[in-house]
Amino acid sequence: MAAGDITYFDQWLVDVQEALHDHETDTFKLGLITSGVTPAATTSDPRWGAGGGTNLSSSQVTPGGNYSSGGPTMANPTVTLTGGAGVFDADDVSIAQHASNPNNARWGIIYNDTDTGKRAVGFVDLGATIDLTAGTFSVAWNASGIASMNQA
Amino acid sequence: MANSAAINPTAEQQASRNISRIRTLRACIEKNLARGKTEKVAQLQSELNRRMAAVAALKAELDSL
């Protein structure tokens, strides 16, 4: 994997078909976790909290500065039909530099904060451990959105 | 299906992203207008305006060269 690569959890593919997410009206967040855990597509029932198979929030970076517990909201989620694909997209995420920001973020977890179980969608490979005290941290989603589903 | 994001994007990546996001925002506004979801439309329009301003500022800078 390379920095910025998004991997969807296998469980999300099931959750979508069980209508457990509304990608346009639910609130999605990007929680940051340390290298203490390495997420994979096969991670068992991944969630941001208890109740599933894997509680990824237990590896969250220490909140502080401009990073609040749970991570920033991915505002204005949208679902559109684009070029024959159903595209889930949202506003980009940015955390301004602050001396009290976490300094050991390794993975970003996209999860549904509206869902009672806070089921996860996927994860972003940050490429390396990132020190958010050193500068603004930004994630710009792909031109094709965060996730796209097509007939192929 | 998997897409890649840009971590700490360059100005070029951000410009490209602004344009693609403008496209999806417009499509989603059109969809929600048809469904009468005015609150959602207002939220999306605000972000669309912000992105449009960012692109316009870049264009103005280019035009001034």
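Every chain is numbered from 1 and lettered A, B, ... according to where its sequence line falls, protein lines coming before strand lines.
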For this session: Go through the atoms of Gln43(B) and report whether side chain, backbone, both or neither lie under 4.5 Å from a heavy atom of chain A.
Result: both
Problem set entry | Which portion of Asn32(B) sits near chain A, non-hydrogen atoms under 4.5 angstrom |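 Interface part for Asn32(B): side chain.
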Which portion of [X] sits near chain B, non-hydrogen atoms under 4.5 angstrom:
| X | answer |
| --- | --- |
| Ile130(A) | side chain |
| Ala75(A) | backbone |
| Val93(A) | neither |
| Ser94(A) | neither |
| Val124(A) | side chain |

Problem set entry | Residue among Asp92(A), Asp125(A), Thr80(A) with most heavy-atom pairs under 4.5 Å to chain B | Asp92(A)
Exercise. Parallel, tilted or perpendicular for Phe9(A) and Phe123(A), by the 30°/60° rule?
Worked result: tilted
For this session: Verify the ring-centre separation between Phe88(A) and Phe28(A): is it less than 6.0 angstrom?
Result: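 Yes, ring centres under 6.0 Å apart.
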Problem set entry | Partner chain A: residue of Ala27(B), Cys28(B), Ser46(B) with the largest heavy-atom pair count (under 4.5 Å) | Cys28(B)
Seminar exercise, completed: Answer key: most heavy-atom pairs under 4.5 Å with chain A among Lys37(B), Glu30(B), Arg17(B) is Arg17(B)
Problem set entry | Lys29(A) side chain vs Pro72(A) backbone, donor-acceptor pair below 3.5 Å |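 A pair under 3.5 Å: no.
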For this session: Return yes if some donor-acceptor pair links the side-chain N/O of Asn8(B) with the main-chain N/O of Ser138(A) below 3.5 Å, else return no.
Result: yes
For this session: For the pair Glu47(B) and Arg51(B), find out whether any cationic side-chain nitrogen is under 4.0 Å from an anionic carboxylate oxygen.
Result: yes
Exercise. If you measure from the Lys or Arg side-chain nitrogens to the Asp or Glu carboxylate oxygens, is any gap between Glu24(A) and Lys31(B) under 4.0 Å?
Worked result: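 Looking at Lys31(B) together with Glu24(A), the answer is yes, because their closest N to O distance falls below 4.0 Å.
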Exercise. Heavy atoms, side chains only, cut-off 4.5 Å: are Trp107(A) and Thr38(A) in contact?
Worked result: yes
